[in-house]
Amino acid sequence: MSKRLDYDKIAPAGAKALGGVYGYVMQSRLPPMLINLVYLRVSQINNCAYCLDMHTRDLLKQGEKIERLALLQAWTEAGNLFDARERAALAWAETVTRVAQTGVPDADYQAARAVFEERELVDLTIAIGLMNTYNRMAISFRNTPKAVLELEDTRTGAGT
C-alpha cells in the first residue's frame, strides 16, 4: 500500500484547521489519556492503521498499561479495567462513530450525560468527530503507519 497524496502539503490551510480543532480538544477539561483512549477506540472501529499505530504509541508514552490497550476493543467485557467515565466515553464514541447505524439513541445520550457535564460532552463529541475525520483522511489517502515505515527501514538497512 503506498501513499496516494500528502494532504498536509496539498491543503495546508485545511490541515491547519484540523490542527486547531485538535488543539482545542487537548486544552479542554477532558484528561489527555481519556481523549487518546477515545481516539484509539474510534480508530479501531474505522480500521485506520495509521491512527491505530499513532494513538497506541501516544498512550504508551503517556504510561498507559498494555493490558488496557489490549482489551480496549472489548472494553465492555473488561470489568473494572476501565472506570465509569472511560466506559461512558467509549460507549459515546461508539454510538457517535456509528451514527448511521445507531442514530445516537436517547438512552445513549442520557448515559453519557449522567457522567459528563454539558461542556465535557460537547468537547468529547468534537474529539470523536475530529478523529473520524482524521481516520477518513488517513484511510482515503493511504497514510503509512510508523510501524510499517520502521519495518521497511530495517529490511532495507535505511534505519542504520
Side-chain angles (χ1 to χ4, degrees), residues 1-64 66 68-76 82 85-105 108-109 112 116 119-156 158-159:
M1 177 173 76
S2 61
K3 190 168 187 169
R4 290 177 171 163
L5 57 81
D6 185 345
Y7 53 83
D8 288 328
K9 287 184 181 174
I10 293 168
K16 184 177 180 182
L18 289 174
V21 176
Y22 176 82
Y24 170 81
V25 170
M26 294 313 291
Q27 64 79 40
S28 75
R29 287 186 278 166
L30 298 169
M33 189 80 81
L34 177 73
I35 294 168
N36 278 319
L37 280 172
V38 166
Y39 285 167
L40 183 58
R41 182 65 191 120
V42 169
S43 298
Q44 287 174 337
I45 293 166
N46 291 323
N47 292 318
C48 181
Y50 179 82
C51 295
L52 286 167
D53 181 74
M54 178 174 48
H55 296 296
T56 299
R57 290 169 187 267
D58 289 347
L59 283 158
L60 288 169
K61 285 179 193 170
Q62 289 178 329
E64 185 56 85
I66 193 73
R68 285 171 36 100
L69 294 177
L71 293 175
L72 181 61
Q73 188 166 341
W75 66 269
T76 59
F82 298 95
R85 281 177 60 87
E86 291 167 337
R87 288 192 305 270
L90 294 168
W92 187 247
E94 289 183 3
T95 196
V96 171
T97 296
R98 295 179 174 128
V99 66
Q101 292 84 30
T102 69
V104 188
D108 291 354
Y109 169 77
F116 292 102
R119 176 68 179 264
E120 290 176 319
L121 190 55
V122 170
D123 289 347
L124 180 59
T125 307
I126 290 170
I128 293 163
L130 176 66
M131 188 47 48
N132 275 286
T133 298
Y134 275 133
N135 289 169
R136 281 148 180 80
M137 297 295 284
I139 292 166
S140 297
F141 300 119
R142 304 291 192 253
N143 281 10
T144 306
K146 187 175 182 179
V148 172
L149 296 173
E150 290 172 349
L151 180 62
E152 289 172 357
D153 284 350
T154 59
R155 288 182 177 164
T156 64

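Under the 4.5 Å side-chain criterion, counting only non-hydrogen atoms from C-beta, V96 is not in contact with D108. The side-chain heavy atoms of P32 and M26, taken from C-beta on, include a pair separated by under 4.5 Å. Taking the side chain as every heavy atom from C-beta outward, Y39 and Y134 never approach each other to under 4.5 Å. Looking at I35 and S28, their side chains come closer than 4.5 Å, going by heavy atoms from C-beta outward. Annotation: side chain of L37 is in contact with side chain of R68 (closest heavy-atom distance under 4.5 Å). Using a 4.5 Å heavy-atom threshold, the side chains of F141 and K3 count as separate. With a 4.5 Å cut-off on side-chain heavy atoms, H55 and L52 do not count as touching. Put simply, the side chain of D58 does not reach to within 4.5 Å of the side chain of L40, judged on heavy atoms.
Side-chain atoms of R136 come within 3.5 Å of backbone N or O of N132 as a donor-acceptor pair. Between the side chain of T97 and the backbone N or O of V42, no donor-acceptor pair lies under 3.5 Å. Checking side-chain atoms of T133 against main-chain N and O of G129 turns up a donor-acceptor pair under 3.5 Å. A donor-acceptor pair is defined here as one N or O able to donate and one able to accept, closer than 3.5 Å; such a pair exists between the side chain of R4 and the backbone of S140.
E94 and R41 are joined by a salt bridge, as a carboxylate oxygen and a charged side-chain nitrogen come within less than 4.0 angstrom of each other.
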Show the numbers, then the answer: is there a side-chain contact (heavy atoms from CB on, under 4.5 Å) between V104 and W92?
-> CA-CA 8 Å; V104 188; W92 187 247; 3.6 Å; yes
Could you please spell out the steps behind the side-chain contact (heavy atoms from CB on, under 4.5 Å) verdict for T76 and L90?
-> CA-CA 9 Å; T76 59; L90 294 168; over 6 Å; no
Take I126 and V122, measure what side-chain contact (heavy atoms from CB on, under 4.5 Å) needs, and give me the verdict at the end.
-> CA-CA 6 Å; I126 290 170; V122 170; 4.0 Å; yes
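Of all heavy-atom pairs spanning P105 and T95, the tightest one is CD-OG1, 3.6 Å. Closest non-hydrogen pair, F116 versus L124, comes out as CE1-CD2, 4.0 Å. Here the closest non-hydrogen pair linking R85 and L34 is O-CD1, 4.2 Å. Taking each heavy atom of M33 and G63 in turn, the nearest pair found is CE-C, 4.4 Å.
Put simply, CG on L69 and CG on L59 are 5.5 Å apart, with the number rounded to the nearest 0.5 Å. Rounded to the nearest 0.5 Å, atoms SG (C48) and CE (M137) are 11.5 Å apart. Here the CZ-OG distance, from R142 to S2, works out to 9.0 Å after rounding to the nearest 0.5 Å.
The only member of T56, N135, D53 that meets side-chain hydrogen bond (donor to acceptor under 3.5 Å, both in side chains) when paired with S43 is N135.
For Y50, the OH atom is loosely surrounded, since the number of other residues' heavy atoms within 6.0 Å does not exceed 12.
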